[in-house]
Visitor: 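If you scroll down you'll find the structure; I have some questions about it.
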Amino acid sequence: MATVSERRAPAAQPLPAAFFAREVLTVARELIGCVLAHGPCRGVIVETEAYHQSEPACHAYIGRTPRTATLYGPPGRAYVYRSYGIHALLNAVCEPEGVGAAVLIRALYPLQGIELMAQRRRTSDRLSLCSGPGKLSQALGIDLSLNGSSLRGGPIRIYPRHPRFREPELVRGPRIGISKATELPWRFAIANCKYVSKPWPWRRSFV
DNA sequence: CATGGGATTGACT
DNA sequence: GTCAATCCCATGC
């Protein structure tokens, strides 16, 4: 008879840089269900958006500047920037080095470190702990100093979806909070998930 | 050097 | 539904 330790899956390694070096839309889709960790806090990624230098909603659209240097750098690093003067938004840099592209992590299903998250967010409502890009950064303690850090060997890590969790059913739609390239359906989320930043007003479309 | 625009959120009408 | 908070950085003079 198999023991518990034999039955348990081996400890997962963070996603390799090669995972992020692919097309940003592919990475945005496949990051759904993966686990984001910082310190004692962990959560399942339930919502993402893709950004690419070829479209004007992406910061990298203007070319390489001090601000966008991280976006054009090697894949598998964190691009963290300040939004509206208040919030730190976390992205995963994608595509080969030299291409400006990233996936914005927009919402998590909290797994571990929930008490600390609640303390930082000043709420105990689990649904609103990480249901937005600014919220999840606050909950996990992610700030601008982590811009450029590795998502594999740095303080922030992203782990693959646990094998015993089945592949999530996804929905897809236009990105939120942007004024340019609003027609692109580059937002992804787990279908019917209550932990996303905003519900899907449109009819469900499967990926 | 001055200005303006946000990949958001929470409080309020 | 409206709106302000607040800061980094790109742009233009």
Side-chain angles (χ1 to χ4, degrees), chain A residues 20 23-29 31-32 36 38 41 43 45-73 75 77-95 99-108 110 117-149 151 156 158 171-190 193-202:
Chain A
F20 298 97
E23 265 194 289
V24 69
L25 281 171
T26 303
V27 180
R29 250 194 314 265
L31 275 179
I32 304 284
L36 176 68
H38 183 235
C41 299
I45 298 171
V46 297
E47 180 185 353
T48 61
E49 283 178 1
Y51 288 86
H52 187 269
Q53 62 178 38
S54 61
E55 44 90 16
C58 182
H59 293 164
Y61 185 68
I62 58 171
R64 199 188 277 262
T65 66
R67 184 195 198 193
T68 63
T70 307
L71 280 172
Y72 283 94
R77 293 191 180 173
Y79 169 53
V80 186
Y81 73 96
R82 185 160 307 287
S83 173
Y84 291 96
I86 303 174
H87 303 103
L89 269 51
L90 171 66
N91 299 250
V93 176
C94 295
E95 309 240 359
V99 178
V103 171
L104 172 66
I105 314 295
R106 285 194 59 91
L108 305 177
M117 292 185 189
Q119 203 174 312
R120 286 167 170 157
R121 291 273 302 120
R122 298 164 180 272
T123 177
S124 55
D125 175 23
R126 289 176 75 111
L127 285 176
S128 57
L129 278 183
C130 300
S131 56
K135 295 178 187 178
L136 74 87
S137 291
Q138 187 184 21
L140 271 65
I142 292 169
D143 60 34
L144 296 199
S145 69
L146 294 169
N147 182 40
S149 67
L151 294 173
I156 308 172
I158 302 183
V171 288
R172 174 177 189 164
R175 295 171 294 182
I176 289 182
I178 54 170
S179 56
K180 295 166 250 180
T182 54
E183 74 285 358
L184 298 176
W186 286 10
R187 179 186 180 214
F188 301 90
I190 295 181
C193 181
K194 296 183 179 67
Y195 292 82
V196 300
S197 60
K198 277 179 182 130
W200 253 243
W202 52 87

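In the text below, chain A, chain B and the rest are named by the order of the sequence lines, each starting its count at 1. This structure is a prediction, so every number in the text was calculated from the model and none was measured.
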Visitor: Of the options R172(A), K135(A), R187(A), which is the one that meets E47(A) in a salt bridge (Lys or Arg N to Asp or Glu O under 4.0 Å)?
Guide: R187(A)
Visitor: Let's see if you can work this out: which of dT9(B), dA7(B), dT11(C) has an atom nearest to the side-chain heavy atoms of I62(A)?
Guide: dT11(C)
Visitor: Taking donor-acceptor contacts at under 3.5 Å, does the side chain of Y84(A) reach the base of dA5(C)?
Guide: no
Visitor: When the distance from CG of L184(A) to P of dA7(B) is rounded to whole Å, what number comes out?
Guide: 15 Å
Visitor: Nearest whole angstrom, please: distance from the P of dG10(B) to the CG of D125(A).
Guide: 11 Å
Visitor: If you compare every side-chain N and O of S83(A) against the phosphate oxygens of dA7(B) (OP1, OP2), does one of them come in below 4.0 Å?
Guide: no
Visitor: The side chain of S179(A) is closest to which nucleotide in this list: dG6(B), dA10(C), dT9(B)?
Guide: dG6(B)
Visitor: Do E49(A) and P133(A) make a side-chain contact, defined as non-hydrogen atoms from C-beta onward lying under 4.5 Å apart?
Guide: no
Visitor: Is dT6(C) paired to anything, Watson-Crick or G-U wobble with both distances less than 3.5 Å, and if yes, which nucleotide?
Guide: none
Visitor: Using whole Å, report how far CD1 of I86(A) lies from C1' of dA11(B).
Guide: 12 Å
Visitor: Once you round it to whole Å, what is the distance between C1' of dA10(C) and CZ of R82(A)?
Guide: 17 Å
Visitor: Check the distance between dG6(B)'s C1' and L104(A)'s CG and give it to me in whole angstrom.
Guide: 13 Å
Visitor: Is any side-chain heavy atom of V99(A) closer than 4.5 Å to a side-chain heavy atom of H52(A)?
Guide: yes
Visitor: Rounding to an integer number of Å, can you tell me how far R64(A) CZ sits from dC9(C) P?
Guide: 16 Å
Visitor: Do the side chains of W186(A) and E55(A) get nearer than 4.5 Å, heavy atoms only?
Guide: yes
Visitor: Assuming nearest nucleotide by heavy-atom distance, tell me which of Y81(A) and S128(A) is located more 5' along DNA chain B.
Guide: Y81(A)
Visitor: Can you tell which of dA10(C), dA7(B), dC8(C) lies closest to the side chain of L144(A)?
Guide: dC8(C)
Visitor: Heavy atoms only, 4.0 Å cut-off, all strands: where does R121(A) land among base, sugar-phosphate and nothing?
Guide: sugar-phosphate
Visitor: Mind checking R67(A) for me? I need base, sugar-phosphate or nothing, with any heavy atom below 4.0 Å counting as a touch.
Guide: sugar-phosphate
Visitor: Quick one: K180(A) NZ to dA10(C) P, roughly how many Å, whole number?
Guide: 13 Å
Visitor: Are OP1 or OP2 of dT8(B) and a side-chain N or O of R106(A) less than 4.0 angstrom apart?
Guide: yes
Visitor: Just wondering, do Y51(A) and dA7(B) stack (centres under 5.5 Å, planes under 30°)?
Guide: yes
Visitor: Could you go through residues 79-89 of chain A and list every donor-acceptor pair under 3.5 Å that involves a side-chain atom there, pairing it with any protein atom two or more places apart or in another chain?
Guide:
from	atom 1	to	atom 2	distance (Å)
Y79(A)	OH	H59(A)	ND1	2.7
R82(A)	NH1	I86(A)	O	2.8

Visitor: Look at the side-chain N and O atoms of K135(A) and state whether any lies under 4.0 Å from the OP1 or OP2 oxygen of dG10(B).
Guide: yes
Visitor: Report the distance from atom CG of D143(A) to atom P of dC8(C), rounded to the nearest whole Å.
Guide: 12 Å
